[in-house]
Structures are given as C-alpha cells and as structure tokens.
Trainee: 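I am attaching a structure below and will ask some questions about it afterwards.
Just so you know, these numbers come straight off a predicted model, no measurement behind them. Chain A is the first sequence line, chain B the second, and so forth, proteins listed ahead of strands; every chain is numbered from 1.
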2 protein chains.
Amino acid sequence: MMQPIRVGADFGREFPGADPAAAEVAANLVRAASAFLDEVERRRRPVAGLSAGAYEALAVLEGAGEPLPGHVIAERLLVTTASVTSLLDTLVRRGFVTREPHPTDRRKILVRLTAEGQRVVDEMLPIVHRTATDVFGALTAAEAEALVERCTEARRRLAELAALPPPTPRPRRVRRRTLADAD
Amino acid sequence: MMQPIRVGADFGREFPGADPAAAEVAANLVRAASAFLDEVERRRRPVAGLSAGAYEALAVLEGAGEPLPGHVIAERLLVTTASVTSLLDTLVRRGFVTREPHPTDRRKILVRLTAEGQRVVDEMLPIVHRTATDVFGALTAAEAEALVERCTEARRRLAELAALPPPTPRPRRVRRRTLADAD
DNA sequence: TATTGTTATACTCTATAACTATA
DNA sequence: TATAGTTATAGAGTATAACAATA
C-alpha cells in the first residue's frame, strides 16, 4: 500500500525542460528523509523532551570531547550565535550543560556537558543509530554504498548550485496537476 | 572536497547492535534531502516570500483543481486545523487565496486560489522541478529507479515502525565519537 | 455527539540589530 | 577594527484547549 511517489503522465507537457525521473527521485528522497527524522524524533522525545536542535547541540559537544565556545557550536549547527544563546539558555536551565569562562580569551565562554547531559547523549545517540539500523539495516552492502554515493553526488551538486545566484524565472508552465496529492 | 559522511572506525564498539552502513545511509540521505530543500527554498523565496508550508498549501489547492475546505488542507499538510487557520490568515492577507462559505455545509469554508495565487503556483512549481532536474537529472534511468525503490522501501518500513510504540531504552553505548563533526 | 473552524495561549526556532566587553 | 556573546525584538510555525456553529 506504500507506493513510490510518481509524477503524472502529463508532467512533460506541464513542465517542459524538467526531468520526470529527477522529480520522482527528489520527491521520494525528501519524503523518506522526513519520515526518518519524524521517527527519530518520536523515539528520542522520551529521553529528555528536547528539540532536534538541542539534541544536536549536545551531540556536537559530546563529539568534540571537550567544552566548546558558543560560536563554534553556532558554526557546527549552521545557526547564528544569537540562536545558540537561546538554545543554551534552555540547556542550562534543564541542567544539561554549564557555561564557564574561557581561561585565556575573556570574550568567550565555554559550554561544558554536565553528567546529566552526558547521560542524555548516551541514551539519545543509540536511539538514532538503532533507528537507522531498523530502517536501512536490510540493505545489501552494495545497495547501501550506491545510496551513499548518489546522496554524496547530490550534495556535491547542491554545494555548487548554492554558490550560484538563484536562477531567474523559468519557462512558463502549461497545465495543471503532477505529484500534488501523493500521500 | 565533498566526501560521503562516514562513521568512525570505533562505531561498532560504541554502538553494539547498530549497523555502520545503515548509519551512513541515514546520515547521507538526511543531509542530501536537507540541502535539496534549502536550495528549493533559496530559489523559491523571490517568488512571493512565503514559507515552505504556505507554498505547499498553494500547491495542494492548485493540485486539487477546486476550492477545498480547511480540514482537507490540514490533512494533506499533516497539521492541525488551528495551524491551517493561521496559515490561511497569511495567505488571505497576501491575496493568494480567499475564504468563501461552503454551499451546503455551513460549518465549512472553502479556500479558493486567487489569480495571484495561481500566478505564484505557476512560477513556483517549475522552480521545484527545475531544481530536481539540476540535482538529479544526470542519473541514469536505472540509478534513478533504484533510488526511488530504496526510498520507498524505507518509507514502507518507517510506516510500520511509526505504528509501533517507541522502543524502550537501548543497550548502553560504550565510548565516544562517531559521525559528529562531518560538515 | 461529532465535525469544522476560530480564538486564545504558549512554546520553540530563527533572524536582525544594537550593544557590551574584549582582543 | 574585528570577534564573542547577550539582549531586545520580531515573525513563523506548531500545538493544545476551549469554544461556537452546525451536522
């Protein structure tokens, strides 16, 4: 009952110049990734009731293996330092990290994982990996490697595209209906 | 310079029972999908400055080909009717949809795309498909089909998992470091 | 009673801008 | 001047709960 997301037969007429197979790949990839993240969040919620960003911040800290200044966390999370400030407010309030002064540079703070924070990470990371195993563990080594390769090529291409100015208005579309109501 | 996201050599010791290949597939898939959505948003922003949810709502309306009651939009978007109310407030204010009374069921409203809303959809959808073509258009038919298949299997598996109660605490993890700082 | 939609409220995430302290 | 962090402010998105109107 769970079928691939497919484009309609008139896709080519409606979107001249667009590749139907590419559209299907994109739709199916995005939906799969989104469903995966939903399942991770569902399983992870009971651990500490934190948002995805908060769990990521804890994982970054734990991955570094040492206290980190705020702007480094901001870089890894791809958000502004202002956003990190409020994220850390939550984590400090919940007792999962502490702020301490940087020993040599007094502009900086160091964010340190508490024992409780470490406990959260120790519960949370296996949940993520277990979910991955539940979802993708049945793939053959070749299938897994092919998937990783395709995703890496896509990320490579996307990194190039992101460096370009957004393309200007496309050829106008002809008529209606595509993969709209695929759920 | 853009390499696949890989787990560390000690992954197996740290996360007994977790499949390293599955973890790599999950990480690469999620990152690729996220980068794709970022690029779509970057290209789509100039069209009308709407959020992803607002564009999706317009696409749902246009895909249906007729005015829809609010709760149907909520179902398709997987959000509550309360969320749709505020989403529609924005779209009405911007002039992209109108609310009108349902002819027979006076509890309902019908949301209708305006000419301006139609214009937004006509500009926006080709941008999405063009992005897909830019990113995935170089795949062979076999590669594309394999990708679609793997994603569909994952969604199928995830639909099963979502129906289960979240699994209870996993075997404890042994030591530190995995795919933390892969960016 | 159930359904539809709105309002009220609250919380999180994120951003920009202005500001302080420090380098 | 540049960097690090905070505060203030704002806006989007989402949710739950209570409610009104209608079926």
Trainee: From CG of B/Leu88 over to C1' of C/dT7, roughly how many Å is that when rounded to an integer?
Mentor: 15 Å
Trainee: Scan A/Thr90 against the nucleic acid and name what it touches under 4.0 Å (heavy atoms): base, sugar-phosphate only, or nothing.
Mentor: nothing
Trainee: Could you list the residues that satisfy salt bridge (Lys or Arg N to Asp or Glu O under 4.0 Å) with A/Glu149, not counting sequence neighbours?
Mentor: none
Trainee: Run the side chain to side chain donor-acceptor pair (under 3.5 Å) check on A/Asn28 and A/Glu24 step by step: do they pass?
Mentor: CA-CA 6 Å; A/Asn28 284 276; A/Glu24 291 182 348; 5.8 Å; no
Trainee: Is the shortest side-chain N to carboxylate O distance from B/Glu153 to B/Arg156 below 4.0 Å?
Mentor: no
Trainee: Under a 4.0 Å heavy-atom cut-off, which of residues 103-111 of chain B touch DNA chain C?
Mentor: B/Arg107, B/Lys108, B/Ile109
Trainee: What is the distance from CG of B/Asp89 to P of C/dA8, rounded to the nearest Å?
Mentor: 12 Å
Trainee: Is the shortest distance from a Lys or Arg side-chain nitrogen in B/Arg119 or B/Glu123 to a carboxylate oxygen in the other one below 4.0 Å?
Mentor: yes
Trainee: Looking across every strand, which nucleic acid part, if any, lies under 4.0 Å from B/Ala82 by heavy atom: base, sugar-phosphate, or nothing?
Mentor: base
Trainee: Report the distance from atom CG of A/Leu78 to atom C1' of C/dA15, rounded to the nearest whole Å.
Mentor: 15 Å
Trainee: Rounded to whole Å, please give me the gap between CZ in A/Arg45 and P in D/dA15.
Mentor: 11 Å
Trainee: Would you tell me if any nitrogen or oxygen in the side chain of B/Thr80 comes within less than 4.0 Å of OP1 or OP2 on D/dA15?
Mentor: yes
Trainee: Report the distance from atom CG of A/Leu91 to atom C1' of C/dC11, rounded to the nearest whole Å.
Mentor: 15 Å
Trainee: For the side chain of B/Tyr55 and the backbone of B/Ala48, is there at least one donor-acceptor N/O pair under 3.5 Å apart?
Mentor: yes
Trainee: Is the shortest distance from a Lys or Arg side-chain nitrogen in A/Asp38 or A/Arg31 to a carboxylate oxygen in the other one below 4.0 Å?
Mentor: no
Trainee: Measure CD1/B/Ile73 against C1'/C/dT6 and give the value in whole Å, please.
Mentor: 15 Å
Trainee: Using whole Å, report how far CZ of A/Arg99 lies from C1' of D/dG5.
Mentor: 9 Å
Trainee: Given that B/Ser83 and A/Leu68 both sit by DNA chain D, which one's nearest nucleotide is further toward the 5' end?
Mentor: A/Leu68
Trainee: Quickly work out the A/Leu77 CG to D/dG5 P distance and round it to whole Å.
Mentor: 14 Å
Trainee: Taking only side-chain N and O atoms of A/His71, does any of them lie within less than 4.0 angstrom of OP1 or OP2 on D/dG5?
Mentor: yes
Trainee: Parallel, tilted or perpendicular, judged at 30° and 60°: which one describes the rings of A/Phe136 and A/Phe36?
Mentor: tilted
